[in-house]
Amino acid sequence: MGYIDNIISIIEKKDAGQVEFLQAAKEVLDSLRIIVDQDSTYEKAGLLERLIEPERAVVFRVPWVDDSGKTQVNRGFRVQFNSAIGPYKGGLRFHPSVNLSIIKFLGFEQIFKNSLTGMPIGGGKGGSDFDPKGKSDNEVMHFCQSFITELYRHIGPDTDVPAGDIGVGGREIGFMYGQYKRLVNKFEGVLTGKGIGWGGSLARTEATGYGLVYIIDEYLKSKKDGFKGKKVAISGSGNVAIFAAEKASSLGAVIISMTDSNGFIYDKDGINLDTIKEIKLIKRERLSKYAEVHKSSVYTDAEKGRVWDIPCDIALPCATQNELLLDDAKKLAANGCRVVGEGANMPTSLDATEYLIGNSVAFFPGKAANAGGVATSALEMCQNSARLSWSFEEVDQKLKNIMTGIFNNIDNAAKEYGKPGNFVLGANIAGFKKVAKAMLDQGVI
Ligand code: NDP
Ligand code: 2IT
């Protein structure tokens, strides 16, 4: 059995049942065959055995009192996966589905994503099975304060810097930052995605969605094409989806669809983003409201249809893992979709990814395509360390440069290893090489 297959059999045994972690790990390991098989250094150094084991994983109780006076208990997680190239960095997810497998898959992906940004940040992820939906601001605050009352001892500006993810936006980061500051008595850059005026960076809110559009635009430019006139299908209607839609439409694309967990809207004339922002970011309502306001649009319940059935030129899955499956990939390709860019983490299943790549659809994996968010978090860390604030334009320009750099890096790696256009292989190899070198340089740690 070769080194990679051996590692796969180890995780299948040790981490049996961690479906999402196994999926993410297998995708990366499969891409690495081409370098690891040529060079025994990795096997001798036990490099992959170390890479697939988090440096540390903390699981903790989060007790809090709801508005009716009842005590609730959630489970908190922080997986500090790899600090070879910098302090652990990665978001916090609050969603009822959160478990160790999901946090491990996200933390594992984050190692390679953060490496691709070119910034000095290691990989980590955390969160809780807490569901912010339907909770009052007061309940969310009490939960966040309790969560940080345990987590604060494991994080710090030079140790581990969390940020947002599903269910964690500006409101939650504010509550967590406030509690952290009370506990350590220091105003320091421990979280990113902070408010403008208390350490946050301009353009961080927009960065993941904008970055996704920048990297695809770079690809389209390389084909002498662009977003103008393209029909773009987007899933999700949260932070990533909204700002991907905003940037793509500013470049002349027509956003024809968006989703939430209950269903999707289709508007052939283009979705009105002001309405979406009002519904989703301010009122925290369901997407079905959109169709009540815009009679030109059609709302379909999630159980009655798939957003990927709508013909489009570019598809941007920006909601959650495994939301674009093999049948969806077949439908997209058959309907003429030419580009799929992952705004979410691992939204595409492995068989769907293979199908798209095998059927000439340019496929941009999340670890490259959504890296603009964490890259801008790293820019927020720079500003915090220097105690200054850059303008929106300055941060946005740096983000553009980073996304162009990632495109060139993954494109070149794919060519160098004999698979031009395979950006999954390119991203995995390019992300891995930097981390592996740092791990080898630092000895058996
Ligand atoms: P938000 O919480 O702002 O939005 C999430 C969106 O996805 C909502 O529309 C939500 O619908 C939908 N969604 C969430 N879970 C499910 C589900 N199980 N089934 C169907 N729809 C679902 O999160 P973000 O926009 O921040 O994150 C979206 C994705 O992007 C995630 O995969 C995240 O890991 C990834 N990402 C985020 C970054 C960031 O900077 N925020 C950076 C890089 C990646 P509903 O409201 O109904 O729950
Ligand atoms: O998946 C991700 O890259 C994020 N949720 C953002 C992480 C960060 O630290 O900004």
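One-based numbering, in listed order, for ligands and for the atoms of each.
Not a single heavy atom of Pro162 sits closer than 4.0 Å to an atom of ligand 2. Residue Lys280 places a heavy atom less than 4.0 Å from ligand 1. Ligand 2 does not have Glu109 within reach: every non-hydrogen atom of the residue lies 4.0 Å or more from it. Taking a 4.0 Å cut-off on heavy atoms, Gln321 fails to register as neighbouring ligand 1. In this structure, Cys318 has a heavy atom closer than 4.0 Å to ligand 1. Using a 4.0 Å heavy-atom cutoff, Met346 is absent from the residues neighbouring ligand 1.
For the residue pair Lys367 and Asn114, no side-chain donor N or O sits within less than 3.5 Å of a side-chain acceptor on the partner. When only modelled atom types and interatomic distance are considered, Ser101 and Glu20 share a side-chain donor-acceptor pair under 3.5 Å.
Between Ala163 and ligand 2, no pair of N/O atoms sits closer than 3.5 Å. Every N/O-N/O distance between Asn370 and ligand 2 stays at or above 3.5 Å. Residue Ala241 has no N or O atom closer than 3.5 Å to an N or O atom of ligand 1. On a distance-only criterion, Lys125 and ligand 1 share no N/O pair closer than 3.5 Å. Considering backbone and side-chain atoms alike, Arg93 places an N or O below 3.5 Å from some N or O of ligand 1. Below 3.5 Å of separation, one finds an N or O of Asp165 facing an N or O of ligand 1. On a distance-only criterion, Val168 and ligand 1 share no N/O pair closer than 3.5 Å.
Heavy-atom contacts of Gly236 reach the following atoms of ligand 1: 9 (O) (cutoff under 4.0 Å). Close approach of ligand 1 to Ala344 is summarised as follows: ligand atoms under 4.0 Å from at least one heavy atom of the residue are 29 (C), 30 (O), 32 (O), 35 (C). Listed by number with element, the atoms of ligand 1 under 4.0 Å from a non-hydrogen atom of His95 are 15 (N). Short contacts between ligand 1 and Lys133, defined as distances under 4.0 Å to a heavy atom of the residue, involve ligand atoms 45 (P), 46 (O), 47 (O), 48 (O).
For Arg204, every heavy-atom contact with ligand 1 shorter than 4.0 Å involves the side chain, none the backbone. Residue-level proximity to ligand 2 for Thr208 is absent, since no heavy atom of it falls below 4.0 angstrom.
In terms of protein heavy-atom proximity, atom 2 (C) of ligand 2 is nearest to Lys113 NZ, 3.2 Å. Of the protein's heavy atoms, Lys125 NZ, 3.7 Å lies nearest to atom 4 (C) of ligand 2. Atom 7 (C) of ligand 2 has Gly91 N, 3.5 Å as its closest protein atom, hydrogens excluded (heavy atom only). In this structure, atom 27 (O) of ligand 1 lies nearest to the protein heavy atom Ile166 CG1, 3.7 Å. Looking only at heavy atoms of the protein, atom 6 (C) of ligand 2 is closest to Arg204 NH2, 3.6 Å.
Selection from Ser237, Ser97, Ala319, Ala302 by nearest heavy atom to atom 8 (C) of ligand 1 gives Ser237. Between Asn345, Leu281, Ile234, it is Asn345 that holds the heavy atom closest to atom 44 (C) of ligand 1.
A cation-pi arrangement, defined by a distance under 6.0 Å to the six-membered ring centre and an angle within 45 degrees of its axis, is present between Lys135 and Phe130.
Of the listed residues (Val395, Thr117, Thr208), just one forms a side-chain contact (heavy atoms from CB on, under 4.5 Å) with Thr376, and that residue is Val395. The one candidate from Lys398, Arg204, Lys194 that meets the salt bridge (Lys or Arg N to Asp or Glu O under 4.0 Å) condition with Glu380 is Lys194.
At least one side-chain heavy atom of Asn82 sits under 4.5 Å from a side-chain heavy atom of Glu55.
Taking the six-membered ring for Trp and thresholds of 30 and 60 degrees, Phe407 and Phe423 have ring planes inclined between 30 and 60 degrees apart.
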